[in-house]
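Counting begins at 1 with the first residue of the sequence.
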Amino acid sequence: MPFIIKSERLPDPADPAMAERNRERWLEDAAQWEDAALVAFARNLADDPARRRLLDAVFGNSPYLTQSLIREPDVLRRFLSDGPDPTFEAVLGTLTADNEGAEDTPAVMDRLRIAKRRAALIIGLADICELWPLEAITGALTRLADATLSHATRHLLGRAHGAGEIVLPHPDAPDRDCGLVILGMGKLGAGELNYSSDVDLIILYEEGKVAYQGRRTVQEFFVRLSRDLVRLMEELTGEGYVFRTDLRLRPDPGSTPLAISLEAAETYYEGFGQNWERAAMIKARPVAGDLEMGREFVKFLRPFIWRRHLDFAAIQDIHSIKRQINAHKGGGRIAVAGHNIKLGRGGIREIEFFAQTQQLIWGGRQSDLRTPKTTDALTALAAAGHVDPAAAGELIEAYGFLRRLEHRLQMIDDQQTQTLPEDREKLRALGVFLGFGGFEGFAEALTGTLRTVESHYAHLFEDAPPLSAEGNLVFTGGESDPETLKTITGLGFTQSEAICSVIRGWHHGRVRATRSTRAREMLTELTPALLAALARTADPDAAFHRFDGFLSRLPAGVPLFALFSANPSLLDLVAEIMGDAPRLAEWLSANTTLLDSVLTSGFFDAPPPRAILVEEASRVFDQSADYQEMLDVARRWVNEQKFRIGVQTLRNLLDPQQAGRHLSDLADAALATIQPRVEAEFALQYGRVPGRGMAIVAMGKMGSREMTATSDLDLILVYDMEDDLDQSDGVKQLTPSAYYARLTQRIINALTAKTGEGALYEVDMRLRPSGNAGPIATSLSAFAQYHANMAWTWEHLALTRARVITGNDSLRGAIEEVIRQTLESRRDPVKLLVDVADMRLRIAREHKADSPWEVKHLRGGLVDIEFIAQYLQLRWGADHPSLIRTNTDDVLAEALRLNLLPRDQGELLRDALRLWSAIQQVLRQSIEGRFDEEKAPGRLKEVLVRATGSTHFEGLRVLMDERARQVMGLYEQLIDTPVGALRTALGENADLKDKESS
């Protein structure tokens, strides 16, 4: 016995007397064998006390393995000589494709059953001897099922080909491109078969791939072939059976044939697939027939299984279908006798559903969670932060224990059962077979395991929303319930009758979201928590009506209601948005899937820097199937990031300056990721222009990294090419200027085009050389010449915010050098001062601020501060190059350091800049249109107070008036008063209505 079996790992015989009787039978049968060496092996094994422990472990515990061992002594001899792995591989080797078409069906049936018996014996021995871990046991059982199904399928196809019913494209390999595929489901698909498992199958065929020559239909042919396959696998003969089969996982099994066309299956899953089928399809795997066709079908199913948007309805839906799973937190009694270790409380199915429900929730966004194996799924979920690592570890340990118990239970008599015996003596025997000393130790280990599983599984369902409030909440009938009106009023609403009427309308299905029975049932559970959350906002009535508008735009309500039920904090956030941030409320109403992003880990962490955003955008965009899908993906991703920044600003997790930087970094990342993809798509038709390519220069708020939620993108596109080029090198050739003009338009379209996900950004190109009169894309040489010789002063003021954000390093450096030389050039200080004053006056006449909250154009507001900073840059840039910065606050800080501003003036400007930026950032995130102090939500006022560092709203208003007056006084001191003095000295008319820069 060269292969070492450690006897201490072997279980004791639960019935020593039965072991003795079976050993005697073994020796009696051996006496009849013709192989003398085999006879000697049998006697030596039975006579040696040390070696006999293996026989006793089988003979004293498992009648099924005893029968198999007596019938297959040579398998045991090879097992003990070579080990389980080569012995098992030799058995699988008998299921080759060499003679499937030639063998008659009875011979194939015998071959399959003998292979099954021998393989099952090897697997059972490897399990008992603890030579294989659980994964190897279930994997070997799965490989056996795969091999027998493939052998049977090839035989049936070859037989049909030989009879002239079909013409196979590869008769020597019948399953290759045959148009028939067998999908393994459940534990077969996952590679986790148990010892006496049946095999769950779905049989599909593609009519276009089958050359059918028979007299019936293709469907009738494959239905008959399916019946023959079932008979080959499960009919009981003198050699036993192979595997029991179950075809009930196919689409609508009560009304569909055993074999279904691929087209019909695709139509079903696209239009009618249920949540429980999504869970089942996690484990789907082609196991026999046309495997490539099967892989394509499984790939087709990915969008059905793995929905991008979180679908918490799946948890309750699957839970209700599998009603035998009784999730009960704590307490209760788990019996050992008669307990079903698969379907009972704390059983295998609870572990599987624990993993599958979390996979369905998160797998649409995280592909590394899409594993069919239960333990792998738990490990991946823990690694991703969706399951507590300790809980995952306990469930994996419990899964291993229960699966080993399941195998020992089944290999006693080869029964497809997971129900423990009622009889205490049989339970003791099972415990001994599993390696325990007796009943007590086994029962203690089992109940501990079941309670652990039950506790973790029940935790998934313990946070159900409340079903009642402090008082009535009844919305049936045609009139409002008086007690319900009192309850709503007591919560803090003033329009109780109107609110009650709206909710009754919801329950009557007057909006699409509540037209299904399931949605209305969920709404009943959700209403108390919803009203309580809305009541906590500053203006509950307004918040409720915004939520009604939000709900009215939903195509369906179940996913949202399930999301709220599973995540009460999300409901609080939505209520806060509805009550305090009308703009975010409108945005959320138009993009309801934004709620999914709130549930991702890190949503409330500080947004990542630009470099990480670029990496993330590239990874997300690369998942697109084509260019058009990329545009949609880009919009979804950017909207999620904007929403995240908006929520964090509302929650005061980001100060306004941080929000501006993050919004600008987001726009940078979007452009840096989209531009090369647009260029690649454009090159498919027009090729490339040799040279340094094209760069994007950000201007305005994007350039200064001060964007708000509503900022458009002020852009200039600059290109450079090799000299003496006439045209691009594509299939369709363009001159360089035409090439880059069209490419620029493509980039703008990629940003502004309205797809199903809306537009990405609005783009403003008016700051390019010559404005709207100039070419849409500018060559580097033209860009340099324009700013050296033709640009107006106001264009150089705008250029102070120019920031090159894309392009290769060489081109970026060249553009930055042009900008640097332009801004650091020495200027006529008198002309500069007059030009600045003229420009500011024109803007003031065009944009009158009618409210102190219009802080951009308010005199003493943002524009005045920006003009002061930009004036200082152009005035002193030649002497102080360090002053050339794009961010206004950075410019002011540097001006202070250089003593270009007195300390009190510089600090005043910076304080005012922070004040105006905070107000603008919050209002742009929160509301559409003008801010009305009288009608504004109270909590929005609180957000403004927090964001500006004020103590109360009245104090903020006083501070605003004071800062506007101070900044305006400083602007006049630095610019208007000196210009007035100049005009007086020159005798010029101070009215600049029609005056150009002098």
Next on the checklist: As a quick check of understanding, evaluate side-chain contact (heavy atoms from CB on, under 4.5 Å) for Arg610 and Val614, giving each step before the final call.
Outcome noted: CA-CA 6 Å; Arg610 180 188 190 276; Val614 171; 4.1 Å; yes

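- Of the N and O atoms on the side chains of Gln675 and Thr806, at least one donor lies less than 3.5 Å from an acceptor on the other residue.
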Checklist entry - Given the rule in the side-chain contact (heavy atoms from CB on, under 4.5 Å) test, do Arg619 and Glu616 qualify, once you have shown the distances and angles that lead to the verdict? => result CA-CA 5 Å; Arg619 184 172 63 253; Glu616 182 179 335; 3.6 Å; yes

Next on the checklist: Determine whether Thr452 and Thr449 satisfy the following criterion, side chain to side chain donor-acceptor pair (under 3.5 Å), listing intermediate values before the conclusion.
Outcome noted: CA-CA 5 Å; Thr452 296; Thr449 298; over 6 Å; no

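- Side-chain N or O atoms of Glu454 include none that pairs as donor or acceptor with a backbone N or O of Leu450 at under 3.5 Å.
- The line from CG of Leu760 to NZ of Lys754 is 11.0 Å long, rounded to the nearest 0.5 Å.
- Gln359 and Trp306 form no side-chain donor-acceptor contact under 3.5 Å, judged by distance and modelled atom types alone.
- Asn194 and Glu406 share a donor-acceptor pair across their side chains, judged by distance under 3.5 Å alone.
- Within the cation-pi definition used here (under 6.0 Å to the ring centroid, within 45° of the axis), Lys642 qualifies as a partner of Tyr761.
- Counting only distance, with no hydrogens or angles, the side chain of Arg285 and the backbone of Leu188 share a donor-acceptor pair below 3.5 Å.
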Expected list for residues 387-402: side-chain donor-acceptor pairs under 3.5 angstrom, two or more places apart:
residue : atom : partner : partner atom : Å
Asp388  : OD2  : Ala390  : N            : 3.1
Asp388  : OD2  : Ala391  : N            : 3.1
Glu394  : OE1  : His456  : NE2          : 2.6
Tyr399  : OH   : Arg403  : NH1          : 2.8

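- In Glu629, the CD atom is crowded: over 12 heavy atoms of neighbouring residues, nucleotides or ligands sit closer than 6.0 Å.
- Between the side chain of Thr649 and the main chain of Ile645, a donor-acceptor pair closer than 3.5 Å is present.
- Interatomic distance, Glu135 CD to Asp376 CG, rounded to the nearest 0.5 Å: 8.0 Å.
- Between the side chain of Gln648 and the backbone N or O of Asp605 there is at least one donor-acceptor pair closer than 3.5 Å.
- For Arg644 (side chain) and Phe603 (main-chain N/O), a donor-acceptor pair under 3.5 Å exists by modelled atom type.
- Each of Lys342, Lys187, Lys283 was scored for a salt bridge (Lys or Arg N to Asp or Glu O under 4.0 Å) with Glu352, with one residue passing: Lys187.
- We find that Glu130 and Arg408 are not joined by a salt bridge, their nearest charged nitrogen and carboxylate oxygen being 4.0 Å or further apart.
- A salt bridge links Arg651 with Glu576: the closest approach of a Lys/Arg side-chain nitrogen to an acidic carboxylate oxygen falls below 4.0 angstrom.
- Going from atom CZ of Arg677 over to atom OG of Ser624 covers 8.0 Å, rounded to the nearest 0.5 Å.
- Under the 3.5 Å distance criterion, with hydrogens and angles disregarded, no donor-acceptor pair is assigned to the side chains of Gln641 and His662.
- Going from atom CD1 of Ile351 over to atom CG of Leu378 covers 8.0 Å, rounded to the nearest 0.5 Å.
- Partners of Arg661 according to the salt bridge (charged side-chain N to carboxylate O under 4.0 Å, His left out) rule, which considers only residues two or more places apart in sequence or in another chain, do not exist here.
- Between Phe304 and Tyr269, the ring centre distance stays below 6.0 Å.
- Using a distance-only test at 3.5 Å, with no hydrogens or angles considered, a donor-acceptor pair links the side chain of Arg635 to the main chain of Gly758.
- Using a cut-off of 4.0 Å between Lys/Arg side-chain N and Asp/Glu carboxylate O, Arg248 and Asp200 are scored as not salt-bridged.
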Item to check | side-chain contact (heavy atoms from CB on, under 4.5 Å) between Glu681 and Val678, worked out | outcome: CA-CA 5 Å; Glu681 180 75 10; Val678 176; 5.7 Å; no

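- Between Ser455 atom OG and Glu350 atom CD the span is 10.5 Å, to the nearest 0.5 Å.
- Ring centroids of Phe547 and Phe550 are separated by less than 6.0 Å, placing the two rings close together.
- Between Trp637 and Phe621, the ring planes lie perpendicular to each other; the angle is over 60°, past the 30° to 60° tilted range.
- Here the straight-line distance linking atom CD of Gln418 with atom CD1 of Ile348 works out to 6.5 Å at 0.5 Å rounding.
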